Number of protein chains: 2
Amino acid sequence: MHHRYLEELRQRGYRITPQREIIIQAVADSTAHLTAEDVLKLIRPRSEAINIATIYRTLEMLVEEGLVIRSDLGQGQAVYAPQQHGPHIHLVCRHCGEVIAADHTMADSLQEQIRARYHFEADFTHITIFGLCAQCQSQEK
Amino acid sequence: MHHRYLEELRQRGYRITPQREIIIQAVADSTAHLTAEDVLKLIRPRSEAINIATIYRTLEMLVEEGLVIRSDLGQGQAVYAPQQHGPHIHLVCRHCGEVIAADHTMADSLQEQIRARYHFEADFTHITIFGLCAQCQSQEK
DNA sequence: CTTAGTGCAAAGGATTTGCAAGCCC
DNA sequence: GGGCTTGCAAATCCTTTGCACTAAG
């Protein structure tokens, strides 16, 4: 009921409103990637009245505070996931839309090469890679 | 004047209209990633009248035919580039917006690991990786 | 009390679509 | 001339924003 994010945010000067409590509970405890619409549906049973604009504003605030990650999975909607899930690679099947959360340490070598050759600090937190999942590979003509 | 894409498309049953000729010339010869708006501006000198909807439809057709790649560089607009440029990794600086075209063979090992562990056929053609470029790393507090 | 946060509705930007007219083959 | 293409405008979709009202601290 009292998520640690709430204390964290209060200390950073944010006001803890009932809306924020509900939204944060829904997002922080989710193991999936949620769209703003998903959050709305999730919290509907608990609160009829929270507006979609408030959800966007709260999610944006959480992203700015580094508590939540926003990714674009190519489906035209942004998705949000708690940072605490730890970084991972999103393998998105462009055929069936399935999202596989893959071990991000596989990218360590690539990250190092990019650093060495381009002096570019690549962010492999919640990166998205498109392709075909095992099932859809066999189905493709 | 007569781009090879035109013959290619005619053979596949598409009609070659003046609009398509102009759009294809602009995109096929571009070394940059173009948005639909960019294409509109590029061709304006040559043709005042081409509608943005036609540009979107033509680009979409080229993507479906595999002649052009569409990527999302996170700027809210899709960008298009000829497939013939060869695959490369987009390193997008999330601070200044710069896009570095990096050697995609750096990702070969990652691709192989993903295949082995997840049976997922990752598409590293024109993939996008966000991060910080050399200049912006020093500027960040 | 002070002012951040909310709800509502309207605005926004990119892309898509319906439809009648146009033109490629 | 058949039907793929175009132009135009309207429609969509997701997200943001202006503003008056509410409520957290």
Side-chain angles (χ1 to χ4, degrees), chain A residues 2 5-27 33-41 43-44 46-65 68-80 97 128, chain B residues 2-3 5-24 26-27 33-41 43-44 46-65 68-80 97 128:
Chain A
H2 234 244
Y5 279 9
L6 296 177
E7 264 323 304
E8 191 64 37
L9 290 169
R10 200 190 316 264
Q11 285 174 20
R12 300 188 197 180
Y14 291 95
R15 293 183 182 176
I16 304 307
T17 65
Q19 290 92 332
R20 285 181 173 170
E21 285 192 36
I22 292 171
I23 294 168
I24 287 168
Q25 266 185 64
V27 178
H33 301 90
L34 303 173
T35 65
E37 262 339 302
D38 290 339
V39 175
L40 183 62
K41 282 174 200 143
I43 68 185
R44 191 161 294 161
R46 280 199 270 169
S47 170
E48 302 284 332
I50 299 185
N51 193 275
I52 188 73
T54 299
I55 293 173
Y56 275 109
R57 282 187 283 229
T58 300
L59 290 172
E60 178 57 26
M61 179 264 283
L62 293 170
V63 169
E64 278 173 3
E65 290 305 316
V68 159
I69 289 282
R70 171 173 46 202
S71 316
D72 181 0
L73 264 37
Q75 260 78 78
Q77 305 172 56
V79 295
Y80 301 83
T128 298
Chain B
H2 233 244
H3 201 282
Y5 279 10
L6 295 177
E7 263 323 303
E8 191 65 37
L9 291 169
R10 200 191 315 265
Q11 285 174 19
R12 299 187 198 180
Y14 290 96
R15 292 183 182 175
I16 305 307
T17 65
Q19 290 92 333
R20 285 182 174 169
E21 285 193 37
I22 292 171
I23 294 169
I24 287 168
V27 178
H33 301 91
L34 303 172
T35 66
E37 264 336 302
D38 290 337
V39 175
L40 183 62
K41 282 173 201 144
I43 67 185
R44 191 161 295 160
R46 280 200 270 169
S47 170
E48 302 285 332
I50 299 184
N51 193 274
I52 188 72
T54 299
I55 293 173
Y56 275 110
R57 282 188 283 228
T58 300
L59 290 172
E60 179 57 27
M61 179 266 282
L62 293 169
V63 169
E64 278 173 4
E65 290 304 317
V68 159
I69 289 284
R70 171 173 45 203
S71 316
D72 182 359
L73 265 36
Q75 260 78 77
Q77 305 172 56
V79 296
Y80 301 83
T128 298

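Excluded from the calculations below are hydrogen atoms, water molecules and symmetry mates; all remaining heavy atoms, backbone and side chain alike, are included. On a predicted model such as this, the values are computed, not experimentally measured, just so you know. Residue numbers begin at 1 in each chain, while the letters A, B, ... track the order of the sequences.
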For [X], check side chain to side chain donor-acceptor pair (under 3.5 Å) against everything at least two apart and list the hits.
{"X": "B:R10", "answer": "B:E7"}
{"X": "A:E8", "answer": "A:R12"}
{"X": "A:T35", "answer": "A:D38"}

task: Using modelled atom types only, decide if a donor and an acceptor are shared between the side chain of B:T58 and the backbone of B:T54 within a distance under 3.5 Å.
output: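 Such a contact is found between B:T58 side chain and B:T54 backbone.
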task: Might you point out which heavy atoms bring B:D72 and B:T128 nearest each other, and give the distance in Å?
output: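 Heavy atoms of B:D72 and B:T128 come nearest at O-OG1, 3.4 Å.
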- request: Would you name the heavy atoms of A:L6 and A:E21 that are closest together and state the gap between them?
  value: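 Answer, listing the atom of A:L6 first, then A:E21: CD1-CG, 3.9 Å.
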Name the pairs: protein N/O against N/O of nucleotides 21-25 of chain C, kept only if under 3.5 Å.
from, atom 1, to, atom 2, distance (Å)
C:dC24, O2, B:R15, NH1, 3.0
C:dC25, OP1, B:R10, NH1, 3.2
C:dC25, OP1, B:I16, N, 3.1

query: Side chains of B:I24 and B:L9: does their closest heavy-atom pair fall under 4.5 Å?
result: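 In contact.
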Tabulated below should be each protein N or O lying under 3.5 Å from an N or O of nucleotides 13-16 of chain D; please produce it.
from, atom 1, to, atom 2, distance (Å)
D:dC14, OP1, A:Q77, NE2, 3.3
D:dT15, OP1, A:A78, N, 2.7
D:dT15, OP2, A:Y56, OH, 2.4
D:dT15, O5', A:Y56, OH, 3.3

Nearest-Å distance, [atom1] ([X]) to [atom2] ([N])?
{"X": "B:I22", "N": "D:dT6", "atom1": "CD1", "atom2": "P", "result": "11 Å"}
{"X": "A:Q11", "N": "D:dG25", "atom1": "CD", "atom2": "C1'", "result": "15 Å"}
{"X": "B:L40", "N": "C:dT15", "atom1": "CG", "atom2": "C1'", "result": "14 Å"}
{"X": "A:I24", "N": "C:dG5", "atom1": "CD1", "atom2": "P", "result": "11 Å"}
{"X": "B:E64", "N": "C:dT16", "atom1": "CD", "atom2": "C1'", "result": "13 Å"}
{"X": "A:I55", "N": "C:dG5", "atom1": "CD1", "atom2": "P", "result": "17 Å"}
{"X": "A:R20", "N": "D:dT22", "atom1": "CZ", "atom2": "P", "result": "19 Å"}
{"X": "A:I50", "N": "D:dT22", "atom1": "CD1", "atom2": "P", "result": "18 Å"}

query: With sequence neighbours left out, which residue pairs that include part of residues 53-64 of chain B fulfil the salt bridge (Lys or Arg N to Asp or Glu O under 4.0 Å) condition?
result: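 Every salt bridge (Lys or Arg N to Asp or Glu O under 4.0 Å) pair that includes a residue of residues 53-64 of chain B, provided the two are not neighbours, is B:E60-B:R70.
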- prompt: Any side-chain N or O of A:N51 under 4.0 Å from OP1/OP2 of C:dC8?
  reply: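 Looking at the OP1 and OP2 atoms of C:dC8, one of them is under 4.0 Å from a side-chain N or O of A:N51.
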Residue list, ring-ring contact (aromatic ring centres under 6.0 Å, His included) with A:Y14, at least two apart or on another chain: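 Partners of A:Y14 by the ring-ring contact (aromatic ring centres under 6.0 Å, His included) criterion come out as none, since no residue qualifies.
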query: Can you name the residues that form a side-chain contact (heavy atoms from CB on, under 4.5 Å) with A:A26, not counting sequence neighbours?
result: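 Testing A:A26 for side-chain contact (heavy atoms from CB on, under 4.5 Å), a comparison that skips the adjacent residues, returns A:L42, A:I43.
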query: With sequence neighbours excluded, what pairs up with A:Y56 under the side-chain contact (heavy atoms from CB on, under 4.5 Å) test?
result: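 With neighbours one apart ignored, the set is A:A36, A:I52, A:Y80.
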message: Angle between the two end axes of the helix from C:dC1-D:dG25 to C:dC25-D:dG1, five base pairs per end, rounded to 10 degrees?
response: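 Helix axis angle between the two ends: 30°.
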